[in-house]
Number of protein chains: 2
Amino acid sequence: MRHRQRKSDCPVHFALDAFGDAWTLLIVRDLMFKGRATYTELLRAEEGIATNILADRLVRLEEDGIVVKERYSEHPNTSRYRLTPKGIDLLPIMLEIIQWSAKYDPRTAASREFVTRLRAEKARLTTELRSALVAPPERERPRP
Amino acid sequence: MRHRQRKSDCPVHFALDAFGDAWTLLIVRDLMFKGRATYTELLRAEEGIATNILADRLVRLEEDGIVVKERYSEHPNTSRYRLTPKGIDLLPIMLEIIQWSAKYDPRTAASREFVTRLRAEKARLTTELRSALVAPPERERPRP
DNA sequence: CTGTATCCTTAGGGATACTG
DNA sequence: CAGTATCCCTAAGGATACAG
């Protein structure tokens with residue numbers, strides 16, 4: 001499943017080529033905010049992604065350099081996916097998206113407190129989340 | 001062509017429901033940055049949008065309250081589309097997207113100067129563009 | 001657990017013709 | 001000019017079964 005060829009050099013178009021579909025940003029969201037890292041964890045997205053779609057998007061994300069796939073040395077059958085710096089740089093976009101939705105979606109689940117913090121100290125929060133993402137707390141062995 | 005039903009209350013999902021496809025943000029881009037307002041002007045997007053897709057997305061954008069359709073009183077056959085406040089609030093998202101692409105796309109057409117200005121004075125630029133959008137310069141009659 | 005493989009259905013989208 | 005209406009094809013995506 002190869003990338004369609006670029007139709008313009010517009011930066012908006014470039015971005016949409018990377019994540020302008022219904023699922024990619026939801027995967028990024030789960031990696032970024034929900035601490036999900038393995039295939040099975042990502043499968044649990046509340047929106048119900050299909051196995052083939054998840055596999056396909058993970059390949060694309062890796063090809064695009066937004067995600068890297070790492071193997072646990074101790075658990076040869078378990079991989080984990082992690083955002084690269086390029087992926088982490090999607091954070092400001094995500095934050096703006098969340099703010100926009102919080103403003104216009106009456107049903108949004110973004111907590112008032114989170115959005116208020118966002119608005120007030122976006123820069124600091126970005127740095128904070130960024131470092132948390134770069135060096136995530138080492139996790140115990142995956143639960144069976 | 002009705003909206004698929006919401007699968008979650010996640011703000012990211014809400015946003016993707018509004019513009020998580022290949023074309024919607026390109027239309028917003030043309031309304032926002034390129035001064036395009038009529039159907040025919042929007043058809044000239046460099047990426048080559050089809051007439052049926054453009055018509056469909058404009059309906060959706062209007063349903064979602066992101067765009068309003070106005071008729072020229074003098075030119076009964078010509079409409080113009082304009083961003084609503086909700087649509088204008090997409091500006092910060094667009095700016096972050098442009099910055100991200102400018103950083104990672106070697107072919108991007110975003111000018112260095114524009115991106116540098118963005119980075120340095122995003123807040124001021126946002127206000128400036130915003131007011132330019134709310135009260136756009138009144139234009140001459142559309143060219144034949 | 002981490003995916004592949006298949007099957008099948010629908011939605012997205014290109015091309016083109018046509019209408020008020 | 002501003003769209004509709006078709007036609008037709010491909011990609012996207014759901015469901016489920018299977019494999020290393």
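So that the names make sense, note that chain A is the first sequence line, chain B the second, and so on, each numbered from 1. Worth saying up front: this structure is predicted, and the values here are computed from it rather than measured.
Annotation: ring pair (Phe, Tyr, Trp, His ring centres under 6.0 Å) contacts involving residues 78-126 of chain B, sequence neighbours excluded, comprise A:F14-B:W100, A:F19-B:W100, B:W100-B:Y104.
When the side-chain nitrogen and oxygen atoms of B:K7 are compared with OP1 and OP2 of D:dG13, none of them lie within a distance under 4.0 Å. OP1 or OP2 of D:dA11 has not a single side-chain nitrogen or oxygen of A:R60 nearer than 4.0 Å. Between B:R44 and D:dC1 there is no side-chain N or O to OP1 or OP2 distance below 4.0 Å. The phosphate of D:dC1 (OP1 or OP2) has no side-chain N or O of B:T78 nearer than 4.0 angstrom. Using a 4.0 Å cut-off, no side-chain N or O of B:W23 falls inside it from OP1 or OP2 of C:dG12. For the pair A:S79 and C:dT2, the criterion of a side-chain N or O lying under 4.0 Å from OP1 or OP2 is not met. Between A:T51 and D:dA15 there is no side-chain N or O to OP1 or OP2 distance below 4.0 Å.
Regarding B:R80, its CZ atom lies at a distance of 18 Å from the C1' atom of D:dG3, rounded to whole Å. Between the C1' atom of C:dG3 and the CG atom of A:L54 lies a distance of 9 Å, rounded to the nearest Å. Remark: P of C:dT2 and CD of A:E70 are 14 Å apart, rounded to the nearest angstrom. What separates NZ of A:K69 from C1' of C:dT2 is a distance of 8 Å, to the nearest Å. Note: CZ (A:R57) to P (D:dG14) measures 10 Å, nearest angstrom. Going from atom CG of A:D17 over to atom P of D:dA12 covers 11 Å, rounded to whole Å. Remark: C1' of C:dG13 and CG of A:D21 are 16 Å apart, rounded to the nearest angstrom. Rounded to whole Å, the distance from CG on A:L26 to C1' on D:dA12 is 15 Å.
Here A:R60 pairs with A:D56 in a salt bridge; the nearest charged N to carboxylate O distance falls below 4.0 Å. The pair A:R36-A:E46 counts as a salt bridge, with a side-chain nitrogen and a carboxylate oxygen less than 4.0 angstrom apart. In summary, A:K86 and A:D64 do not engage in a salt bridge, as defined by a charged side-chain N under 4.0 Å from a carboxylate O. A salt bridge does not link A:K7 with A:D17: every distance from a Lys NZ or Arg NE/NH1/NH2 to an Asp or Glu carboxylate oxygen is 4.0 Å or more. Salt-bridge formation is not detected for the pair A:D30/A:R44: no Lys NZ or Arg NE/NH1/NH2 atom is positioned less than 4.0 Å from an Asp or Glu carboxylate oxygen.
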Dot-bracket notation for DNA chain C, counting Watson-Crick and G-U pairs under 3.5 Å, with | for partners on another strand
||||||||||||||||||||

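Checked against C:dT2, D:dA2, D:dG14, the side chain of A:Y39 finds its nearest nucleotide in C:dT2. For B:A22, the side-chain atoms get nearest to C:dG13 when compared with the rest of C:dG13, D:dA2, C:dG14.
Counting all heavy atoms, side chain and backbone alike, A:E96 lies closest to B:P92 at OE1-CB, 3.2 Å. The two residues A:T108 and B:P11 make their nearest non-hydrogen contact at OG1-CB, 3.2 Å.
Projected onto DNA chain C by closest heavy-atom contact, A:N52 and A:Y81 fall at different nucleotides, the more 5' of which corresponds to A:Y81.
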